[in-house]
There are 2 protein chains.
Amino acid sequence: MSMHNPPHPGEIIRELCLEPLGITVTDAAAALGVSRKTLSAILNGRAGISPEMAIRLAKAFDTTPESWMNQQTQFDLWQAKQLLGEPDVQKLAVA
Amino acid sequence: MSMHNPPHPGEIIRELCLEPLGITVTDAAAALGVSRKTLSAILNGRAGISPEMAIRLAKAFDTTPESWMNQQTQFDLWQAKQLLGEPDVQKLAVA
DNA sequence: GCAACCTGTAACGTAACAGGTTACGCTATG
DNA sequence: CATAGCGTAACCTGTTACGTTACAGGTTGC
């Protein structure tokens, strides 16, 4: 179940949102109301999608904040699994 | 669409996981492999569910990490909407 | 060739958050 | 009363998001 490296959300933004519109990073950052550096960091995988950013992206691209957050969640979970391995946890549920 | 204060995930853990089992916070923290303080902070809404914690919770309670992350996402988004209000964002999509 | 623009990224700061240990006060139960 | 469980405070480290400023490299047009 989803064992392959999920793309970080920045790739999605660039490939599905910015490139089709032919908009520059500088202009997109201005439209989103964040600095060029902040958007650049996300696009290049050096920052994640914060809740605020998800709301801004949803408003700009006419989507839902949840969809952006879920992309980030998938990426974060995949990354945490790589780093954490199998944590030493006792089962507490019914079986 | 979901305008009411969503519960923070700590309440869910306490009410749906710990109380039915009659397990103490101290023991649950030990089973999860985290400190008592860390679990206490989550249960009382003073910390969120990190990806690592979601993985631990999923293993202990035989659920999925995604379900815990989604709970946290709902809470974070609701909170961000309260704090951010309507951000000044230009529409970039088709219109 | 040079100027203008776009981009990545570095350095500096702020603020916030997760996690840990230690310690204190409260409450409930033996 | 003594002990256990709990919340929470202070203190630490590491990480992240965000901002401004500045610099280096690439493109494009004159």
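Because the structure is predicted, anything quoted here is derived from the model rather than measured. Here is the naming used below: chain letters follow the sequence lines, and residue numbers restart at 1 for every chain.
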Nearest nucleotide by nearest heavy atom, which residue falls closer to the 5' end of DNA chain D, Arg14(B) or Ile42(A)?
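On the 5' side of the pair lies Arg14(B).
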So if I define the base as every atom that isn't primed, P, OP1 or OP2, how would nucleotides 22-30 of chain C read as a B/S/- string at a heavy-atom cutoff under 4.0 Å?
-B-------
Under 4.0 angstrom, heavy atoms only, what part of the nucleic acid is Ser35(A) near: base, sugar-phosphate, or nothing?
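The answer is base, as Ser35(A) lies within the cut-off (heavy atoms under 4.0 Å) of a base atom.
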Regarding Arg56(A), tell me which of base, sugar-phosphate or nothing describes its non-hydrogen contacts under 4.0 Å with the strands shown.
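Result for Arg56(A) = nothing.
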Asn44(A) atom CG is separated from dT7(C) atom P, nearest whole Å, by 11 Å
Rounded distance (Å) that lies between atom P of dT7(C) and atom CD1 of Ile13(A):
14 Å
Carefully, step by step, assess Leu18(A) and Leu43(A) under the rule side chain to side chain contact (heavy atoms under 4.5 Å, CB included).
CA-CA 10 Å; Leu18(A) 300 194; Leu43(A) 292 179; 3.8 Å; yes
Would you check if there is a donor-acceptor pair between the side chains of Asp76(B) and Gln72(B) at a distance under 3.5 Å?
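Yes.
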The helix from dG1(C)-dC30(D) to dG30(C)-dC1(D): angle between terminal helix axes, five bp per end, to the nearest 10 degrees, reads 20°
Nucleotide interval of DNA chain D bounded by contacts with chain A (heavy-atom cut-off, under 4.0 Å):
dA17(D) to dA22(D)
With side chain to side chain contact (heavy atoms under 4.5 Å, CB included) as the test, would you mind laying out the steps for Val89(A) and Leu57(B) before giving the verdict?
CA-CA 8 Å; Val89(A) 171; Leu57(B) 289 168; over 6 Å; no
Distances under 3.5 Å between nitrogen or oxygen atoms of protein and nucleotides 15-18 of chain C:
{"unit_1": "dA18(C)", "atom_1": "OP1", "unit_2": "Gly48(B)", "atom_2": "N", "d": "2.5"}

Full working for side chain to side chain contact (heavy atoms under 4.5 Å, CB included) between Ser67(B) and Asn70(B):
CA-CA 5 Å; Ser67(B) 66; Asn70(B) 287 341; 5.7 Å; no
Side-chain (Lys91(A)) to main-chain (Asp62(B)) donor-acceptor, under 3.5 angstrom:
no
Could you tell me the separation between the [atom1] atom of [X] and the [atom2] atom of [Y], rounded to the nearest 0.5 Å?
X	Y	atom1	atom2	answer
Leu32(A)	Asp27(A)	CG	CG	11.0 Å
Glu11(A)	Gln71(A)	CD	CD	10.5 Å
Glu52(A)	Lys81(B)	CD	NZ	12.0 Å
Leu39(B)	Arg56(B)	CG	CZ	11.5 Å

Which ILVMFWY residues can you reach from Leu84(A) by hopping between side chains whose heavy atoms are under 4.5 Å apart?
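Other cluster members: Leu77(A), Ile55(B), Met69(B).
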Phe61(A): which residues meet the ring pair (Phe, Tyr, Trp, His ring centres under 6.0 Å) condition with it, sequence neighbours left out?
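None.
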Phosphate-side-chain proximity, Ser40(A) and dT9(C), N/O vs OP1/OP2 below 4.0 Å:
no
Check the pair Gln90(A) / Lys59(B) against side chain to side chain contact (heavy atoms under 4.5 Å, CB included), numbers first and verdict last.
CA-CA 8 Å; Gln90(A) 262 80 49; Lys59(B) 201 171 176 190; over 6 Å; no
When you group the ILVMFWY residues by side-chain heavy-atom contacts below 4.5 Å and let the links chain together, are Trp68(B) and Phe75(B) in the same group?
no
